[in-house]
Amino acid sequence: MSVALFGGTFNPVHIGHLRIAIELAELLQVDSLRMVPCALPPHRQSPSVSAEHRLSMLRAGIANHNKLVADDIELRREGPSYTIDTLRAVRQQIGPDRPLYLCIGLDVLATLDTWRDWQQLTDFCHLIISSRPGCQLPTTGALAEWVKKHRCDDLQQLKLLSTGKLHLCDLTMLAVSSTSIRDKVKRGEAIDYLTPAAVVNYIQQHHLYE
Ligand code: ATP
């Protein structure tokens with residue numbers, strides 16, 4: 001069976017992430033979709049709450065969902081989380097033949113050329129890019145060339161290969177972000193229904209984002 005990874009800060013996880021994750025698992029027909037919280041995002045300010053809290057909220061948010069799995073592979077590693085290292089490790093776990101998908105948003109693709117060894121990502125996996133409102137594919141430069149070279153619109157063809165392609169898909173984009181949830185908590189506003197009830201409870205119990 002194939003494996004899909006969906007990385008993020010998940011600070012906290014919300015229904016936008018979860019809806020996308022479920023749709024990706026269905027689209028790619030994977031046994032499980034691994035949601036991978038990053039430890040120290042190399043391109044972002046360090047998250048305001050600990051990795052342990054973010055992982056616990058993720059686990060609480062996906063509890064009882066049989067397709068979604070929280071994978072702490074990047075939290076168990078020392079130092080910054082480079083995706084290429086995660087892909088190498090997962091590829092080693094699953095062997096060379098099974099398709100491996102790395103799922104990212106179009107907003108993330110825009111800065112892919114700042115990632116370590118970004119041009120080698122497709123040596124280990126396919127990239128699945130979900131569109132996001134207000135985000136466009138790069139049109140000039142090395143990243144645009146790279147996208148053109150690897151792009152494959154036929155998902156069935158891509159599923160026959162284990163690595164090497166990039167596929168764009170339109171999934172349900174809910175207008176929720178972790179930033180908006182953190183801001184609401186800070187202002188003392190309700191966050192119900194923006195994230196699962198178990199995550200709302202966790203945030204309240206641990207006084208996060210206040
Ligand atoms: P923040 O507001 O802190 O920047 P975020 O809500 O964008 O966080 P991340 O954990 O940074 O969440 O995102 C992880 C992945 O989820 C990224 O690939 C991003 O494109 C995608 N994503 C985030 N929010 C949504 C959403 N509402 N719908 C679809 N995809 C989303």
Side-chain angles (χ1 to χ4, degrees), residues 4-28 33-62 65 67-75 80-84 86-87 101-115 118 121 125-138 143 147 166-187 189 191 193-196 199-200 202-203 208-210:
L5 307 179
F6 178 40
T9 321
F10 304 127
N11 186 32
V13 68
H14 54 66
I15 57 168
H17 299 132
L18 296 170
R19 184 63 226 163
I20 288 285
I22 289 167
E23 292 186 13
L24 284 165
E26 283 176 350
L27 182 77
L28 301 172
L33 184 133
R34 303 189 194 177
M35 300 184 72
V36 186
C38 53
L40 285 172
H43 302 105
R44 307 182 56 149
Q45 272 190 330
S46 285
S48 55
V49 310
S50 68
E52 288 69 29
H53 279 317
R54 290 184 290 117
L55 179 64
S56 299
M57 289 189 282
L58 180 58
R59 288 198 169 127
I62 62 180
H65 197 288
K67 290 253 184 218
L68 306 185
V69 174
D71 187 336
D72 63 355
I73 183 168
E74 294 194 351
L75 305 183
S81 316
Y82 291 109
T83 302
I84 194 83
T86 303
L87 292 172
Y101 304 103
L102 176 69
C103 307
I104 60 174
L106 193 49
D107 56 323
V108 178
L109 178 71
T111 57
L112 199 77
D113 55 357
T114 64
W115 291 17
W118 65 277
L121 293 169
C125 67
H126 297 302
L127 265 101
I128 307 295
I129 317 288
S130 55
S131 56
R132 274 192 97 177
C135 297
Q136 311 294 333
L137 272 178
L143 183 57
V147 167
L166 181 150
H167 181 76
L168 292 165
C169 54
D170 261 325
L171 306 173
T172 306
M173 296 292 129
L174 299 174
V176 184
S177 69
S178 301
T179 305
S180 67
I181 292 178
R182 294 194 301 272
D183 289 348
K184 280 186 190 302
V185 175
K186 207 166 191 77
R187 292 196 300 263
E189 295 170 11
I191 55 166
Y193 307 115
L194 295 174
T195 186
V199 179
V200 177
Y202 188 99
I203 291 171
L208 303 183
Y209 312 120
E210 291 174 0

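Counting starts at 1 for both ligands and their atoms, following the listed order. What you see is a predicted model, and the numbers here were worked out from it, not measured in a lab.
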Measure across K67 and A25 and return the closest heavy-atom pair with its distance rounded to 0.1 Å.
CD-CB, 4.2 Å
Please could you name the atoms of ligand 1 that G8 approaches to less than 4.0 Å, counting only its heavy atoms?
10 (O), 14 (C)
Applying side-chain contact (heavy atoms from CB on, under 4.5 Å) to V108 and W115, what does each step give before you reach the verdict?
CA-CA 10 Å; V108 178; W115 291 17; 3.4 Å; yes
Looking only at distances, can you tell me whether any N or O atom of N11, backbone or side chain, sits closer than 3.5 Å to an N or O atom of ligand 1?
no
Using a strict 4.0 Å cut-off to heavy atoms of F10, name the atoms of ligand 1 that fall inside it.
10 (O)
Over all heavy atoms of both residues, which pair between P138 and L109 is shortest? Give the atoms and the distance, please.
CD-CD2, 4.0 Å
Ligand 1-proximal atoms of D107, by part, heavy-atom distance under 4.0 Å:
side chain
Where is the tightest heavy-atom contact between M57 and P12, given as atom of each residue plus distance?
SD-CB, 3.7 Å
Just to be sure I'm reading this right: ignoring hydrogens, which of M35, H17, R132 gets closest to atom 9 (P) of ligand 1? Compare them by their nearest heavy atoms.
H17
Would you mind running through ligand 1 and noting each atom that sits below 4.0 Å from a heavy atom of T179?
1 (P), 2 (O), 3 (O), 4 (O)
Please confirm whether R182 approaches ligand 1 to less than 4.0 Å, judged on its heavy atoms.
yes
Which of the numbered atoms in ligand 1 are under 4.0 angstrom from any heavy atom belonging to F6?
15 (C), 16 (O)
Kindly confirm or rule out an N or O of V108 lying under 3.5 angstrom from an N or O of ligand 1.
no
Take I104 and T83, measure what side-chain contact (heavy atoms from CB on, under 4.5 Å) needs, and give me the verdict at the end.
CA-CA 11 Å; I104 60 174; T83 302; over 6 Å; no
Step-by-step side-chain contact (heavy atoms from CB on, under 4.5 Å) determination, L18 to M35:
CA-CA 9 Å; L18 296 170; M35 300 184 72; 4.2 Å; yes
For ligand 1, which atoms have a heavy atom of S177 less than 4.0 angstrom away?
2 (O), 6 (O)
If hydrogens are left out, which of C103, G105, G7 has an atom nearest to atom 14 (C) of ligand 1, that is, the closest non-hydrogen atom?
G7
Should the pair F6 and F10 be assigned to parallel (<30°), tilted (30 to 60°) or perpendicular (>60°) ring geometry?
perpendicular
What closest approach, in Å, do I15 and Y193 show between heavy atoms, and which atom pair accounts for it?
CD1-O, 3.3 Å
